[in-house]
Amino acid sequence: MAAVETVLGSVELDQLGVTLMHEHVFVLTPDVMQNYGDEWWDEDVRVADAIKKLGKLKAAGVDTIVDPTVVGLGRYLPRVQRVNAEVDINIIAATGIYTFDSIPHFFHYRGPDTLLGGPELMTEMFVRDIREGISGTSVKAAFLKCVVEEAGLTPDQARVQAAICETHRETGVPITVHTNSAHQTGRLALEFYAKHNVDLTKVVIGHAGDSNDLDYLKWIMDQGATIGCDRFGLDMFNPTADRIVTIVALCAQGYADRIVLSHDAACYMDFFSGEQAQAMLKAAAPNWHYRHITNDVLPALRERGVPEDQIKTMLVHNPRRYFTAAG
Ligand SMILES: [Zn+2]
């Protein structure tokens, strides 16, 4: 039976069910938290809050979240394991590096063409996360997460992307890449991946749904890749009503098998740490939470004539295909 690794172990692909393809549990900045977190972070409170929020998400009919939190976003599996022990939902963990332009100094002096040389340690880290597990936990990463932002493929970014591609070729695990839709950086990502022998059917162009440019979106899907309509509730990037019009149009043109849905939300994100920032965020983006899709988006898609089988394709079949091993 084909299966995928999750925080609680291996799960059969048939059991993934309704899947949101880009949701974080926590997004944190560990060295800031370790030095200033007393102002805003309470581990037990945040874990209890996450259990509650994910429990409500499960009750709303979502079986699985795909969590692209990696180095650069404060990935820490023991905390997620503690949450997941108390809530019945599948959480799929990622490996990779989240940077818009330059890599952490940690990597500067090691690897090919650096002062100390040696093999690409990023690749070694990613492969270890996938094959052996993440830092002494039993959790294995099941997909790769990276970024191609407005700055494009800077030398550091190209190095990360090369390590992502090498890991993909070696392990077969799929890729989710954060892109900037205003600058259509999904094009840069896919061109790079095609050149580096990535199976483009195993790529989600994250945040593509911030765009309503049907030509751009169809170009991505015509390469075989999937578009992440994955920021529902972030109306400052693209209002929900417009996101829906775009998805309705693409479904009508036969593209439902290349679309996945999500919010890019988190139980807690320290970009908005502290009560005041949290309150301002809530006022600015009231629908940016895990249940906007089940509460509002799916009813709107149905009302506009997207048939049930296409909704199931986006929520169930496409995620399952994404995690199905190639070959
Ligand atoms: Zn994200």
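Read the numbers this way: they start at 1 and go in the same order the structure lists the ligands and their atoms. All values derive from a computational prediction rather than experimental measurement.
Taking 2.8 Å as the threshold, Asp264 counts as a candidate ligand of the Zn ion (ligand 1), since one of its N, O or S atoms lies below it. Not a single N, O or S atom of His178, from either the backbone or the side chain, sits less than 2.8 Å from the Zn ion (ligand 1).
The closest side-chain donor-acceptor pair between Ser211 and Asp213, if any, does not fall under 3.5 angstrom. Checked by atom type, the side-chain pair His24/Asp264 shows a donor-acceptor distance below 3.5 Å.
Judged by distance alone, with hydrogens and angles left aside, the side-chain atoms of Tyr216 form a donor-acceptor pair with the main-chain N or O of Gly186 at under 3.5 Å.
A salt bridge links Asp63 with Lys58: the closest approach of a Lys/Arg side-chain nitrogen to an acidic carboxylate oxygen falls below 4.0 angstrom.
Within His24, the N/O/S atom positioned nearest the Zn ion (ligand 1) carries the name NE2.
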